[in-house]
Amino acid sequence: MRKLSTKEILLLIALIFIVSGAVYYNYFFRPYQDKMIDLEVNLTTSNQRLLTLQNEQQSIIRDKEKLNNELAGVEEEFFNIPKGIDEPYMLVFIEETFSGIASKPSVRFAPEVSINEYYQTSQILMSYFTTYPDLEIILDSFYNAPFRNRIIYLNVSFQEPELLLGPQLTTEDEVPTEQADEDYLYVEMTVDCFTIPGMVTETNYPFMIGPYNNVNPFEKQITQEEP
């Protein structure tokens, strides 16, 4: 076997280094570099996703606080809705509303009650005579009424003063002087009243004092007189 020369030995060593470098680059360094690049991309994506999740978390916290405030307002509003159908209370309100601005009123509470999941609806059927300015006052009073309501029917027709007052009455007997020359209207109105099913909350009206505030009307109430 021929002995290798120094030049051949150097070439062989260089070839071994080149082959080793190529093997290391293709099978060790290149895959590791690609893996590092993928890890950096995944890390950047994860950081962006984490930032998005943090923003969404803050948004959820704000929405939750807003929802809790709205639920508290709804709950407060819900408890402000009266329980039961307090016809005397509604009748007192209607009487105070019509006083001095509506004549010959007719008020009827419909016996039917519509019960839904959370509330019940009752109807009040009314008819009365009034003027245009006073009708606006009446409608505004129902809009700001202390109980929830909605006007579902309103029919307005013009009435001659003679038809309103009748042949045996004079204008001064029935209509105030400042309204005598105004056009009178006949109004038919149906109002839906919304309440919570349950017992009517006890109300102390001004007339429920003294002998009228008696649980048993068949027993005379004895009151102690002051000395």
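Along the sequence shown, residues carry numbers from 1. Small disclaimer: the values here were computed from a predicted structure and weren't measured.
Enclosure of atom OH in Tyr119 is not indicated, since only 12 or fewer non-hydrogen atoms of other residues, nucleotides or ligands lie within 6.0 angstrom. For Glu188, the CD atom sits in a packed shell: over 12 heavy atoms of surrounding residues, nucleotides or ligands are nearer than 6.0 Å.
Thr97 places a side-chain N or O within donor-acceptor distance of the main-chain N or O of Phe93, the cut-off being under 3.5 Å. Side-chain N or O atoms of Asp140 include none that pairs as donor or acceptor with a backbone N or O of Glu136 at under 3.5 Å.
By the 4.5 Å heavy-atom criterion applied to side chains, Ser59 and Asp63 are counted as neighbours. Residues Cys193 and Phe147 form a side-chain contact, since some pair of their non-hydrogen atoms from C-beta on lies under 4.5 Å apart. Put simply, the side chain of Asn149 reaches to within 4.5 Å of the side chain of Phe142, judged on heavy atoms. Using a 4.5 Å heavy-atom threshold, the side chains of Asn47 and Leu51 count as separate. The side-chain heavy atoms of Tyr128 and Leu135, taken from C-beta on, include a pair separated by under 4.5 Å. Between Val156 and Tyr186 there is no side-chain heavy-atom pair separated by less than 4.5 Å. Taking the side chain as every heavy atom from C-beta outward, Leu53 and Gln57 never approach each other to under 4.5 Å.
The two residues Phe98 and Ile138 make their nearest non-hydrogen contact at CE2-CG2, 3.8 Å.
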Let's go through Phe129 and Val187 carefully: what are the C-alpha distance in whole Å and the side-chain angles of both, what is the deciding distance for side chain to side chain contact (heavy atoms under 4.5 Å, CB included) to 0.1 Å, and is it a yes or a no? CA-CA 6 Å; Phe129 293 91; Val187 181; over 6 Å; no
Intermediate values then yes/no, side chain to side chain contact (heavy atoms under 4.5 Å, CB included), Val107 and Met90: CA-CA 10 Å; Val107 180; Met90 297 177 182; over 6 Å; no
Pair Val23, Val19 - check side chain to side chain contact (heavy atoms under 4.5 Å, CB included), show working. CA-CA 6 Å; Val23 171; Val19 172; 4.3 Å; yes
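Once rounded to the nearest 0.5 Å, the distance linking CG of Leu139 with CG of Asp134 reads 11.0 Å. Within the model, atoms CG of Leu185 and OG1 of Thr130 stand 7.0 Å from one another, a figure rounded to the nearest 0.5 Å. Atom-to-atom distance recorded for Glu112:CD and Ser114:OG is 10.5 Å, nearest 0.5 angstrom. Interatomic distance, Ile94 CD1 to Ser99 OG, rounded to the nearest 0.5 Å: 13.5 Å. Here CD of Gln33 is found 15.5 Å from CZ of Phe28. Values are rounded to the nearest 0.5 Å. Rounded to the nearest 0.5 Å, atoms CZ (Arg150) and CG (Asp192) are 5.5 Å apart.
In the hydrophobic clustering of this structure, Ile151 groups with Ile124; members are Ile, Leu, Val, Met, Phe, Trp, Tyr whose side-chain heavy atoms approach within less than 4.5 Å, directly or through other members. Using a 4.5 Å cut-off between side-chain heavy atoms of Ile, Leu, Val, Met, Phe, Trp and Tyr, with links allowed through other members, Leu39 and Tyr32 fall into the same hydrophobic cluster. Cluster annotation: Leu91 is connected to Ile101 through the hydrophobic network of ILVMFWY side chains, with a link wherever side-chain heavy atoms come within less than 4.5 Å.
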